[in-house]
Trainee: 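My structure is below; once you've seen it, I'll send some questions.
The shown structure was predicted, so the numbers you read here are calculated from the model rather than taken from an experiment. Every heavy atom of this structure was used, including side-chain atoms; hydrogens, water molecules and symmetry mates were not. For the single chain, residues carry numbers from 1 onward in sequence order.
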Amino acid sequence: MSVSDREYMRDDSAPQPPQPPPGSWQRRLQSVQAFKVFLVLMAGIFFMQHVLHLGGENVPGLGYVPWGAVSIQELAAGHVWTLAAHMLVHGGLLHFVLNIALYWFVGRGVQGLVGSRHFTRIFILSALVGAAAQMAVNAFIFNDKATLMMGASAAIFGLLMTYAVLVPDEPVDAIVFFIIPIPMRLWTVAKWLFIGNLALGVYEVLFHSSRSYGVGVAYFAHIGGAAAGWFYARALGYGGQPMTYASQWQPATVRKSTALTRAHARVEVDLEAAAIRKVPSSPSPALKSKSPPAAVPPESPLAELVDAILEKISAHGMDSLTSEEKTLLSQASEKLKQGGKDHA
């Protein structure tokens with residue numbers, strides 16, 4: 001179930017678009033998972049290029065090079081389509097297998113948590129940011145505009161970082177030296193992969209100022225993709241205060257997260273209609289502490305309960321709510337929507 005499908009994230013007051021009839025091709029298209037679409041595309045393109053040898057050419061000194069790789073030189077030649085193609089193209093069997101293995105692990109989790117629409121955005125955004133970061137490093141540091149870049153690594157690192165922000169405490173087994181499984185938190189694994197790529201990228205910049213064309217790992221593509229995935233997850237309201245324009249640049253008194261805005265759209269109208277909502281003039285003292293405030297006490301009036309929950313979302317993000325608080329927020333809205341009032 002995606003974020004937008006969760007009951008406490010929906011805005012039922014907004015007009016809903018008409019749904020296609022059951023059994024129609026539009027309804028079947030809505031049920032297609034983006035995770036599977038990208039998986040089929042990557043596998044199909046690899047088979048076509050490396051098994052059937054269609055869509056590639058032999059380059060002296062490099063061997064067989066599949067079409068679709070991106071570089072500044074390719075873009076300058078008018079091959080803008082490589083921006084979209086490079087994220088689905090792989091250089092060889094090992095490159096493909098490693099990427100697909102990691103994609104299989106993180107892709108299914110992200111698909112289940114955010115749905116196909118957000119999955120597609122994360123995949124494409126991370127790939128493009130990663131490509132831009134690597135090409136910028138190649139051009140401005142190595143004075144290299146010709147080295148080709150291909151593969152879904154940047155997109156997969158973006159999915160990994162998104163997954164780690166959404167469920168940071170998810171237990172995973174990290175394989176040390178490809179032999180020893182060590183249980184770790186997902187956030188720990190993602191963090192160390194990011195730090196490792198950053199360290200290797202800096203080392204390459206400092207000590208390998210000249211490189212052979214076609215050789216090397218796109219460390220800065222991984223870094224850029226991971227940063228894009230982290231930012232997107234934070235913009236959704238996970239991992240703390242959402243990384244939005246309002247939360248970063250507007251005064252604290254008018255900051256509202258994406259999740260908070262949706263919650264207000266559903267709850268605030270009902271409470272005002274019942275003439276019982278009273279917005280506090282300043283945040284409660286609990287919200288000024290560094291740690292998330294304690295769970296809302298059940299004996300408080302309904303309006304104060306909802307206010308405290310919405311303030312908690314604004315200060316610490318949607319993931320700071322307990323399951324009881326999420327249920328209470330939904331139940332309060334439903335109750336007031338049906339005409340119930342809190343006179344406590």
Side-chain angles (χ1 to χ4, degrees), residues 1-14 16 30 33-35 37-38 103 105-130 154-170 185-187 189-191 193-194 223-250 252 254-268 287 292 309-323 325-327 329-330 333:
M1 180 168 59
S2 69
V3 170
S4 59
D5 292 331
R6 298 172 191 267
E7 193 170 337
Y8 53 86
M9 292 291 287
R10 291 197 299 261
D11 178 10
D12 290 346
S13 65
Q16 301 297 320
Q30 287 181 349
Q33 293 186 350
F35 164 77
V37 171
F38 284 110
Y103 177 80
F105 167 69
V106 301
R108 292 179 301 164
V110 176
Q111 171 72 53
L113 288 171
V114 303
S116 291
R117 179 164 57 94
H118 289 302
F119 185 99
T120 302
R121 291 177 179 176
I122 295 165
F123 189 97
I124 295 176
L125 176 65
S126 299
L128 294 178
V129 171
I156 295 169
F157 266 80
L159 292 171
L160 172 63
M161 192 59 70
T162 300
Y163 197 20
V165 174
L166 294 176
V167 284
D169 296 322
E170 183 78 7
R185 296 170 64 238
L186 178 58
W187 175 252
V189 173
K191 177 178 65 176
L193 283 174
F194 181 86
I223 294 167
W230 174 85
F231 184 89
Y232 195 98
R234 290 293 304 276
L236 287 178
Y238 289 85
Q241 190 177 31
M243 299 289 291
T244 62
Y245 173 82
S247 67
Q248 300 304 307
W249 299 105
Q250 289 184 354
V254 297
R255 290 177 184 171
K256 290 183 180 180
S257 67
T258 303
L260 178 61
T261 302
R262 292 178 179 175
H264 268 126
R266 182 177 177 183
V267 178
E268 187 175 23
L287 294 178
I309 291 174
L310 296 180
E311 288 180 5
K312 187 175 180 182
I313 296 172
S314 179
H316 301 284
M318 200 69 184
D319 58 347
S320 67
L321 296 185
T322 65
S323 58
E325 289 166 341
K326 294 173 182 176
T327 302
L329 183 62
S330 175
S333 176

Trainee: What closest approach, in Å, do A34 and S116 show between heavy atoms, and which atom pair accounts for it?
Mentor: N-OG, 3.1 Å

Trainee: Look up atom CD1 in I122 and atom CZ in R117, then write down how far apart they are to the nearest 0.5 Å.
Mentor: 11.0 Å

Trainee: Going by ring pair (Phe, Tyr, Trp, His ring centres under 6.0 Å), name the residues that satisfy it together with F157, two or more places apart in sequence or in a different chain.
Mentor: H222

Trainee: Just verifying a value: how many Å separate Y232 OH and L159 CG, rounded to the nearest 0.5 Å?
Mentor: 11.5 Å

Trainee: Does any part of the side chain of F123, heavy atoms only, come nearer than 4.5 Å to the side chain of F35, both counted from C-beta?
Mentor: no

Trainee: OG1/T162 to CG/L236 distance, rounded to the nearest 0.5 angstrom?
Mentor: 8.0 Å

Trainee: Less than 4.5 Å apart, side chain to side chain, heavy atoms only: is that true for Y163 and L113?
Mentor: yes

Trainee: Can you give me the closest heavy-atom contact between S126 and G229, atom names plus distance?
Mentor: OG-N, 3.7 Å

Trainee: Can you say whether the rings of F119 and F38 are parallel (under 30°), tilted (30 to 60°) or perpendicular (over 60°)?
Mentor: tilted

Trainee: Can you list everything that forms a side-chain contact (heavy atoms from CB on, under 4.5 Å) with V129? Sequence neighbours excluded, please.
Mentor: L125, A228

Trainee: What residues form a side-chain hydrogen bond (donor to acceptor under 3.5 Å, both in side chains) with R185, not counting sequence neighbours?
Mentor: D169

Trainee: To the nearest 0.5 angstrom, please state how far the CD atom of Q111 sits from the NE2 atom of H118.
Mentor: 11.5 Å

Trainee: Any side-chain heavy atom of V167 within less than 4.5 Å of one from W187?
Mentor: no

